[in-house]
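Before any comments, here is the structure.
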Amino acid sequence: MRKLILVKYAPEIFLKGLNRGKFERKLKENIKKKLAGLDFEIIEDQNRWFIKCDDLEEASKRAKNVFGVMEICIVTQVERDLDAIKALALEKVKESGASTFKVETNRADKLFPFNSMETSRGVGGYILNKLEHISVDIHNPECRLKVEIREKNAYVYTNKDKIKGAGGLPYGMNGSTMLMLSGGIDSPVAGYLMARRGVELNCVYYHSHPYTSERAKDKVKDLAKILAQYTEKVNLYVVPFTDIQMSIIEKCREDELTIIMRRFMMRVACKLSEIKGIQSVSSGESIGQVASQTMEGLIVSTDVADRPVFRPLVAMDKEDIIEIANNIGTFETSILPYEDCCTIFVPKHPKTKPRVDAIRKSESVLDIDSLVDKAIENLEKYTF
Ligand code: ATP
Ligand code: MG
């Protein structure tokens with residue numbers, strides 16, 4: 001008898017039809033990459049994956065965070081023999097300390113001489129006989145004992161052995177995006193959610209030296225590093241933004257500064273994506289959160305985009321975003337109090353309902369293309 005990690009992947013992967021094999025291969029490859037450095041093996045038994053590893057705790061911690069993994073279970077492997085299964089099941093239920101239980105059997109291998117019902121009844125009866133203060137509750141048992149019978153072996157586990165996985169789809173299966181990553185709470189969460197759907201992540205940060213400090217930049221690097229733990233690697237492009245902001249301040253109306261600045265952010269992100277062969281742009285905007293994130297604001301900033309712009313947080317409340325930030329480990333870094341380029345030149349009364357034609361006209365006094373090109377020429381690249 002030995003313990004293994006059963007990996008259950010997202011049901012969405014089952015629905016991929018002819019592409020299912022591709023998704024499965026990618027997921028397995030990604031799991032192997034995450035387990036690199038550990039002494040492990042992935043064993044297959046009738047379409048189920050089991051990880052064998054001496055350090056089960058570390059392997060579980062890593063495997064559950066792989067996108068596409070819905071759940072992992074620490075199972076005990078046992079020979080395909082009803083008496084052996086009964087003995088192990090008794091131990092598991094005893095160990096759980098539960099006063100009610102239920103046995104559920106999944107007989108994947110139909111050659112096993114007892115069907116699912118017979119196996120569950122046999123195991124359940126045995127436990128009832130051996131343990132005094134315990135009863136069966138089929139609707140709401142404290143201990144839900146699972147028996148899986150497959151071609152090579154049987155596997156036993158309870159609800160206590162289950163750990164929720166990250167969900168989503170295998171990283172790298174759904175194209176690429178350029179995430180506008182600020183030091184705030186929202187954009188790292190937006191990046192995580194895109195990556196969780198299998199989208200390859202690249203990040204761009206607009207740095208307004210000397211108005212924003214090295215510490216503000218380091219904070220964004222730290223956020224990119226945290227995101228890289230969930231992905232494979234993350235490229236972070238730090239683009240100098242001061243010249244653009246200074247030109248806007250010098251030549252445009254005060255109440256339009258923010259929206260024009262946001263259009264420049266969008267232009268740089270799109271241009272950089274084009275150069276690097278990245279298909280889309282993503283941001284941490286949420287409808288109505290601040291003055292620049294009104295419907296009109298989002299429309300006016302999207303106006304300059306030449307590729308799809310994804311805003312995965314658009315319909316989320318701040319509380320829900322914070323909850324995810326806490327779960328993925330970015331919150332503590334995000335709330336460090338360093339200034340952001342958006343907060344240093346804030347108009348007193350920013351336009352909340354900008355109009356595309358008016359803004360296009362206002363910014364026509366700027367040499368837009370050369371400002372964008374110059375910013376990109378001077379970028380710094382980091383890879384985590
Ligand atoms: P966040 O918490 O992500 O900073 P926010 O609520 O502070 O978001 P804004 O500052 O208005 O909102 O920014 C909206 C979005 O614009 C951010 O989520 C991010 O995608 C992008 N953004 C803002 N500032 C920067 C920056 N300095 N570099 C890169 N992207 C930025
Ligand atoms: Mg911000």
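Start at 1 and go down the list; that is how both ligands and their atoms are numbered. All values reported here derive from a predicted model rather than from experimental measurement.
Residues S370 and D373 bring no donor and acceptor atom of their side chains to less than 3.5 Å of each other. T177 and R197 form no side-chain donor-acceptor contact under 3.5 Å, judged by distance and modelled atom types alone. For the residue pair S292 and T258, no side-chain donor N or O sits within less than 3.5 Å of a side-chain acceptor on the partner. For the 3.5 Å distance criterion, the side chains of D83 and Y126 fail to qualify, holding no donor opposite an acceptor. A donor-acceptor contact closer than 3.5 angstrom is absent between the side chains of S135 and T100. When only modelled atom types and interatomic distance are considered, N235 and T383 share a side-chain donor-acceptor pair under 3.5 Å. No side-chain N or O of S96 forms a donor-acceptor pair with one of T158 less than 3.5 Å apart.
Every atom of ligand 1 with a heavy atom of G184 under 4.0 Å away is listed here by number and element: 1 (P), 2 (O), 4 (O). Listed by number with element, the atoms of ligand 1 under 4.0 angstrom from any heavy atom of D186 are 1 (P), 2 (O), 3 (O), 5 (P), 6 (O), 8 (O). For ligand 1, the atoms lying closer than 4.0 Å to a non-hydrogen atom of Y205 are 27 (N), 28 (N), 29 (C). Taking every non-hydrogen atom of M265 and a distance limit under 4.0 Å, the qualifying atoms of ligand 1 come out as 24 (N), 25 (C). Which parts of ligand 1 touch S283 is read off a 4.0 Å heavy-atom cut-off, strictly below it: atoms 20 (O). Of all atoms in ligand 1, numbered sequentially from 1 with element shown, those under 4.0 Å from a heavy atom of E285 are 14 (C), 15 (C), 18 (O). Atom numbering of ligand 1 starts at 1 in the shown order; those under 4.0 Å from a heavy atom of V204 are 29 (C).
The residue L179 has no part lying near ligand 1, judged by heavy-atom distances below 4.0 Å. At a 4.0 Å heavy-atom cut-off, ligand 1 does not touch V220 at all. Residue contacts with ligand 1, taken as heavy atom pairs separated by less than 4.0 Å, involve Q289 solely via side-chain atoms from C-beta onward.
At least one N or O atom of Y206 sits closer than 3.5 Å to an N or O atom of ligand 1. For ligand 1, one of its N or O atoms has an N or O atom of M180 under 3.5 Å away. At least one N/O-N/O distance between I185 and ligand 1 falls below 3.5 Å. Considering backbone and side-chain N/O atoms, Q293 comes within less than 3.5 Å of an N/O atom of ligand 1. When only interatomic distances are considered, the shortest N/O to N/O separation between G284 and ligand 1 falls below 3.5 Å.
Salt-bridge annotation for R48 and E148: present, with a side-chain N of the basic residue lying under 4.0 Å from a carboxylate O of the acidic one. With salt bridges taken as basic N to acidic carboxylate O contacts below 4.0 Å, one links E363 and R263. One finds a salt bridge joining E24 and R20 here, because a Lys/Arg side-chain nitrogen approaches an Asp/Glu carboxylate oxygen to under 4.0 Å.
For the ligand labelled ligand 1, residue R262 lies inside the 4.0 Å heavy-atom shell.
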